Amino acid sequence: MYTAHPDRYADMPYRRTGRSGLKLPALSLGLWHNFGPDRPVETQRAILRRAFDLGVTHFDLANNYGPPPGAAESALGEALKADFAPYRDELVISTKAGYLMWPGPYGEWGSRKYLLSSLDQSLKRMGLEYVDIFYSHRPDPETPLEETMGALHSAVQQGKALYAGVSNYSPEQTREAARILADLGTPLLIHQPRYSMLDRRPESEGLLDTLDELRVGSIAYSPLEQGLLTARYLDGIPEDSRAASDSPFLNSDAVTEELVGRLRALNEIAASRGQSLAQMALAWVLREGRVTSALVGASSPEQLADSVSAIRNLHFGADELARIDEVLKR
């Protein structure tokens with residue numbers, strides 16, 4: 001029987017999510033990859049146990065995570081039952097709905113029927129009565145935003161979710177979603193955008209400024225750009241890497257000589273900070289406190305622990321930031 005480490009809260013910083021009372025760990029565990037039937041169950045459970053022992057109290061999922069879709073939630077459900085039942089109130093568990101889950105006109109996007117049906121299925125897979133955060137995973141161009149936000153509000157009112165969030169929404173869509181939810185009496189807690197050194201759109205498009213103004217939290221996904229911001233590609237494309245596979249999220253065309261040169265320059269800056277490139281990339285996303293939490297994935301407990309070590313140095317001097325910006329602008 002798993003017993004959590006007694007000092008699990010000693011080192012991890014926890015940040016308030018917007019203007020809410022909820023705090024999230026600086027690093028959260030995303031169950032996007034590596035949690036499905038093609039991975040050893042014991043490895044999956046070991047990653048979750050190591051995460052919690054290191055103070056990672058937030059497990060982030062979506063209905064379509066796996067593969068196949070739903071597998072990650074089922075895997076977490078088994079782990080919750082086997083290891084974490086005594087610790088449910090110490091955990092923040094989130095899930096999302098928006099992408100394709102079943103055939104027909106009600107199996108994706110943002111209708112009330114789809115979102116609430118999907119949430120019921122997610123709760124059943126995880127063996128939970130509620131999730132802490134329920135997200136609209138992507139905006140629906142054909143469904144009124146009032147309907148989508150109304151479904152999130154209903155989930156909270158029904159006690160199936162404690163908080164409401166959105167992901168992949170533009171600044172304008174986020175502002176309108178927050179207004180609708182506020183009128184309904186369910187504040188928008190958090191936005192989950194893609195954000196990294198190599199994808200700074202939340203800065204350039206004004207999303208971070210909008211979230212600051214609305215006092216809404218943020219949690220960045222893909223802060224390591226599918227592994228690009230690690231030591232994995234410093235010498236090109238390894239044969240066993242994601243870029244060398246048929247992954248829809250990263251292909252070999254993205255790993256250019258120019259990019260590899262920039263990664264090597266960033267790695268030199270990281271070394272001067274006493275960090276790996278991955279650790280510096282995570283710290284960079286968390287700099288200045290504008291981002292509440294950064295989502296990391298892991299294929300092993302050791303990889304997870306290495307990522308969590310980023311919290312040992314989250315400070316950047318002005319000269320370091322200038323050097324990083326210079327490299328990124330090449």
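This one's a predicted model, so the numbers in the text were calculated from it and none came from an experiment.
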Undergrad: Does R262 pair with E326 as a salt bridge, N-O distance under 4.0 Å?
TA: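 Salt bridge absent between R262 and E326.
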Undergrad: If you link ILVMFWY side chains whenever their heavy atoms are less than 4.5 Å apart, which other residues fall into the same cluster as V92? By chain and number, please.
TA: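 L22, L24, Y130, I133, Y135, L162, Y163, L189, I190, I219, Y221, L295, listed by chain and number.
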Undergrad: Is a side-chain donor or acceptor of D60 paired with a backbone partner of I93 at a separation under 3.5 angstrom?
TA: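 No, D60 side chain to I93 backbone: no donor-acceptor pair under 3.5 Å.
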Undergrad: Using a strict cut-off of less than 4.0 Å between a Lys/Arg side-chain nitrogen and an Asp/Glu carboxylate oxygen, indicate whether R125 and D120 qualify as a salt bridge.
TA: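 Salt bridge between R125 and D120, a charged N being under 4.0 Å from a carboxylate O: no.
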Undergrad: Closer than 3.5 angstrom, by distance alone: can the side chain of N64 be matched with the main-chain N or O of P69 as a donor-acceptor pair?
TA: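 It does not hold such a pair.
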Undergrad: For E176 and R179, what are the C-alpha separation, side-chain angles and deciding distance, and is it a salt bridge (Lys or Arg N to Asp or Glu O under 4.0 Å)?
TA: CA-CA 5 Å; E176 182 64 5; R179 183 195 66 78; 2.6 Å; yes
Undergrad: Assess whether a salt bridge exists between K124 and E73, defined as any Lys/Arg side-chain N lying under 4.0 Å from an Asp/Glu carboxylate O.
TA: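 Answer for the salt bridge query: no.
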Undergrad: Is the distance between the ring centroids of Y65 and F35 under 6.0 Å?
TA: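 No - the distance between ring centres of Y65 and F35 does not fall below the 6.0 Å cut-off.
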Undergrad: Please test L328 against L266 for side-chain contact (heavy atoms from CB on, under 4.5 Å), starting from the C-alpha separation and ending with a verdict.
TA: CA-CA 9 Å; L328 295 175; L266 290 172; 4.0 Å; yes
Undergrad: Taking a hydrophobic cluster as the set of Ile, Leu, Val, Met, Phe, Trp and Tyr residues connected by side-chain heavy atoms closer than 4.5 Å, whether directly or through intermediates, do L116 and Y106 fall within one such cluster?
TA: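 As far as the 4.5 Å side-chain criterion goes, Y106 and L116 are not connected within one cluster.
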Undergrad: Is a side-chain N or O of S117 found less than 3.5 angstrom from the main chain of Y114, in a donor-acceptor match?
TA: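 Side chain of S117 to backbone of Y114, a donor-acceptor pair under 3.5 Å: no, none is there.
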Undergrad: Salt bridge (Lys or Arg N to Asp or Glu O under 4.0 Å): which pairs involve residues 307-322, sequence neighbours left out?
TA: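 Listed by first then second residue: R273-E320.
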Undergrad: Got a sec, which residues hit ring pair (Phe, Tyr, Trp, His ring centres under 6.0 Å) with Y169, two or more places apart in sequence or on another chain?
TA: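 Testing Y169 for ring pair (Phe, Tyr, Trp, His ring centres under 6.0 Å), a comparison that skips the adjacent residues, returns none.
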Undergrad: Output the distance between atom CZ (R200) and atom CG (L207), rounded to the nearest 0.5 Å.
TA: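 Reported to 0.5 Å precision, the distance equals 14.5 Å.
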Undergrad: Would a distance-only check, ignoring hydrogens and angles, find a side-chain to backbone donor-acceptor pair under 3.5 Å from E225 to M197?
TA: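 Answer holds: no.
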Undergrad: Given salt bridge (Lys or Arg N to Asp or Glu O under 4.0 Å), test R88 with E129 step by step and report yes or no.
TA: CA-CA 11 Å; R88 172 63 183 100; E129 295 181 357; over 6 Å; no
Undergrad: For side-chain contact (heavy atoms from CB on, under 4.5 Å), just list the numbers for E142 and S111, CA-CA rounded to whole Å, side-chain angles, deciding distance to a tenth of an Å, and then say yes or no.
TA: CA-CA 9 Å; E142 297 183 351; S111 71; over 6 Å; no
Undergrad: Output the distance between atom CG (L259) and atom CG (L228), rounded to the nearest 0.5 Å.
TA: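 The CG atom of L228 is 5.5 Å from CG of L259, to the nearest 0.5 Å.
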Undergrad: So, the side chain of R264 versus the backbone of L234: is there a donor-acceptor pair under 3.5 Å, distance only?
TA: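 Yes; judged by distance alone, with no hydrogens or angles, the pair exists.
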Undergrad: Where the side chain of S20 meets the backbone of R16, is there a donor-acceptor pair that is under 3.5 Å apart?
TA: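 Pair absent, no side-chain N/O of S20 close to backbone of R16.
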Undergrad: Using the side chain to side chain donor-acceptor pair (under 3.5 Å) rule, take R39 and N34 through it: C-alpha gap first, then chi angles, then the decisive distance, then the call.
TA: CA-CA 6 Å; R39 305 286 179 167; N34 304 318; 3.2 Å; yes
Undergrad: Given 3.5 Å as the limit, does a donor-acceptor pair link the side chain of Q303 with the main chain of S299, or not?
TA: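 Looks like yes, one N/O pair under 3.5 Å.
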Undergrad: With a 3.5 Å distance limit and no angle check, can you tell me whether Q44 reaches the backbone of G36 through a side-chain donor-acceptor pair?
TA: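 Such a contact is found between Q44 side chain and G36 backbone.
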